[in-house]
Amino acid sequence: MDTPYQPDAVEQVAQDYWDAERSFEVTEDSDRDKFYCLTMFPYPSGKLHMGHVRVLTISDVIARYQRMQGKHVMQPMGWDAFGMPAENAAIKNNVPPAKWTYANIDEMRGQMQRLGYAYDWTREIATCKPEYYRWEQWLFTRMFDKGLVYRKNSVVNWDPVDQTVLANEQVIDGRGWRSDALVERREIPQWFMKITAYADELLDELDRMPGWPDSVKTMQRNWIGRSEGLELSFPVDGEDQPLTVFTTRPDTLFGVTYMAVAAEHPLAERAAKKNPEVAAFIEECKQTDAAEATLETMEKKGMALGINAIHPMTGEPVPLWVANFVLMSYGTGAVMAVPGHDARDWEFAKKYDLPIVQVIAPADGSDIDIQESEFLDHGVLVNSGDYDGLDFQGAFDAIADYFESRDQGRRTINYRLRDWGVSRQRYWGTPIPIIYCPDCDAVPVPEEDLPVVLPEDVAVTGHGSPLKDMPEFVNVACPVCGKDARRETDTFDTFVESSWYFARYACPDADVMLDERADYWMPVDQYTGGVEHAILHLLYSRFFQRVMRDEGLSEASEPFTNLLTQGMVLKDGAKMSKNKGNTVDPQELIAEYGADTVRLFMMFAAPPEQALEWSDSGVAGSFRFLKRFWGAVHDNVADGPAVALDVDSLNDEQKELRRKTHQTIAKISDDMGRRHTFNTAVAASMELMNAIGRYDDDSAQGRAVCREALEAVVLMLSPMVPHICHVLWANLGHSSAAIDADWPVVDEAALTSEMVDMVVQVNGKLRAKISVAADADKDAIGEQALADENVQRFIDGKDVRKTIVVPGRLVNIVV
RNA sequence: GCCCGGGUGGCGGAAUUGGUAGACGCUGCGGACUUAAAAUCCGUUUUCCGAAAGGAAGUGAGGGUUCAAGUCCCUCCCCGGGCACCA
């Protein structure tokens, strides 16, 4: 019998079946355990790239595995359709962003379907459609009413030549990407969402999220950056208002030798009016982009303002400086500098020859030279007046009490987390539903006027948003007083759309934001996506889910119960990208080998969380395996139907293959369900196939044992290579489809063995391998190990000091 | 600069709770089949010494803990991700 493996035909058969049966369309069923399996939805950038194929396949494998576990699985797909690339394409090709986006969606949807993903396409969402974004406009107006959104000035990258705001990505080495002009920091009014109102909840709940990787939770903790400290006031010469600073180290207060404020700080701006040198320095500080990494890596510079603050305890003058490393957006935009006990302050003091004073001594009494290097640890206070001798906590409490009793300071909690600025000066996004009235100020668009629809047929020039030039969009009547007013032309950060789409999949056609179906499906049981989203997207989504909860829209607080962060796809050690010219087109590979081979290689080449190094020959190897797999099943089928397995009549070889089969089922079940190490699951399948290939037993029971092994492999590989397994399962004589089959079950009785192999070490070095009875006790194992010829060579003439026996594993003899 | 990962043969990776380093696959090499090639199949493939049996070294570098370290601790180097307007 000769039936060659023809992936195109096989994959068509399987997909036709799933389509005809609507295998992946689901509705709520309260009698069944639901499993909501979700991938971070893609931006429709053009065609699928290998990074997409990887994450989509990982999620699909989990969805199909959970289905075989009996779960009621929902796996939807949609499009994060707003964003800058559509505008860039519009400028380049003179195509409206909407048209470009919808064409990409059609292209990518078709590719996904060719890959056979188990999506419920009836739930498809595109965020650029008014029926989607109207609900986030609505939620924004609700948040407005609750005081959860507000407007304030905030810094953007300004391109002075193109007269437009740039994204950080559009700033290359401090210059605009098109104009090459030096970028400036500029402050403009923008809308903010009060994510800090949920800071404590977002932080505390991380301790109760066992389904998330520790690394992501740690990153989020650090990002939120809760710190307990003291807010202190320093009187300033010639100012009515004192200068307020936040510190987590009030114990170092007596070591303050200068203070520093941000370039945007009012004190700096007032000093600039009197002193042109300061004004010039502040201008220089603003000649940089707004990215924090730029600020943190550039040379630390400062200038004395010629103003003194008064040390609140010693009464001594403390010079005020303006410094480029102080962030206006963190704390109060001013810091007290303690060069003796802070690394950055120390470096700055050395550079500008400012005094360095030691006020903390090591707790162990050792000597340090503060002029040589800073001392950062907690310790005992010295040179601190009445507070000498106190430890960190004692000093913290005493100094906090001192300030609080005089009303010059207070204990407070500071967060590194800042409120979320959601305004973007861009066209291709959700219009912010606000109207500016000369009398009524900013007014939210009333519910009955939503959605504020983004006009789709526009020309994009790259010089600011085209909405500003559309009077029919901008000019409106004030909803409150009816006077002539102007509509907001900024759009939302696209992270707003991606902060709630997961809930909308539950009820994509609802004529409210979310209905009761969201409570059936939410939270997402398994969320999969790139680790690059570990902070922003995942934190915003956790915030939005809580806002929706508090609005009564959803019961869940956390949106994602389990999180899997997958690594990038690399080629020649670098991320695949058009810029580097190292991309591999999935389409060509599918045409050559079929979808199953591409899926298999993706799962086999690396564990999902690690970067995956692309290998053309590895793909060919995956294809070879599928051909052998196909051939092995057909050979078995060609020999006719297998008889029923009679477990009690098996000989040793038959028992051994059967043991291998059930060991493999146990291993792959663990790899798929718990560890998500699909690469080792594939390797274990290959090992079992190799064992079947070596096995040569034409007896009735021999073929039955073989058949059992093959059926197990077909089922266990079906989440990864569903098409070939669909056909093979039918070839094996099953009338029901593989997609409806249950996951194979381990027969514990098949796992038992009379003898086990153990290794013998002498002084930790491997010297022999022995086979011992499975039920042998430690002494017997030790004796057998000592008796080994090669072991004797190494212990000859030496004292055996100790013998360690780890049953089932090894013996270590120490001489 | 700060936070989070990672570093194991020629290559991708395995080693799950501190217990046989290199599973599985790729590549290379040797062989079978073939008029030939492709495809397929078999063998072999960490390095060094050895005919072999066997031995020595070995998981980015340097220290430490332990009967035993790729795995735990300390210091350092390199690579990747994030740093709030890329998505």
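Here is how names work: the chains are called A, B, and so on, in the same order as the sequence lines, proteins then strands, and each is numbered from 1.
The residue A/Val156 sits close to a base: some heavy atom pair falls under 4.0 Å. Using a 4.0 Å heavy-atom cutoff across all strands shown, A/Glu292 reaches at least one base atom of the nucleic acid. Within 4.0 Å (heavy atoms only), A/His537 reaches no atom of the nucleic acid at all. Contact annotation for A/Glu687: backbone-only contact, meaning every heavy-atom pair under 4.0 Å involves sugar-phosphate atoms and none involves a base.
Here the side chain of A/Arg793 is nearest to one of B/C67, B/A87, B/G55, namely B/G55. With B/A87, B/U16, B/G55 as the choices, the nucleotide that has an atom nearest any side-chain atom of A/Asp671 turns out to be B/U16. The A/Arg809 side chain lies nearest to B/G19 when the options are B/U16, B/G82, B/G19. For A/Gln610, whose side chain is taken as the heavy atoms from C-beta onward, the closest listed nucleotide among B/A14, B/A84, B/G55 is B/A14. Looking at the side chain of A/Asn679, the nearest of the listed nucleotides B/C86, B/A14, B/U20 is B/A14. Side-chain proximity of A/Met219 to B/G81, B/G55, B/A84: nearest is B/G81. Considering only side-chain atoms of A/Ala605, the nucleotide from B/G12, B/C26, B/U20 that sits closest is B/G12.
Under 4.0 angstrom from either OP1 or OP2 of B/U66 there lies no side-chain N or O belonging to A/Asn812.
Residues A/Asp419 and A/Tyr150 have side chains that bring a donor and an acceptor to within less than 3.5 angstrom of each other.
If you check distances only, the side chain of A/Asn222 never reaches the base of B/C3 with a donor-acceptor pair under 3.5 Å. Counting distance only, with no hydrogens placed and no angle test, the side-chain atoms of A/Lys667 and the base atoms of B/U16 include a donor-acceptor pair under 3.5 Å.
The 5' end of RNA chain B is approached more closely, in terms of each residue's nearest nucleotide, by A/Asp214 than by the other of A/Val165 and A/Asp214.
Under the 6.0 Å cut-off for aromatic ring centres, A/Phe492 and A/Trp420 do not qualify, their centroids lying 6.0 Å or more apart.
For B/U8 and B/C79, the P atoms lie 14 Å apart once the distance is rounded to whole Å.
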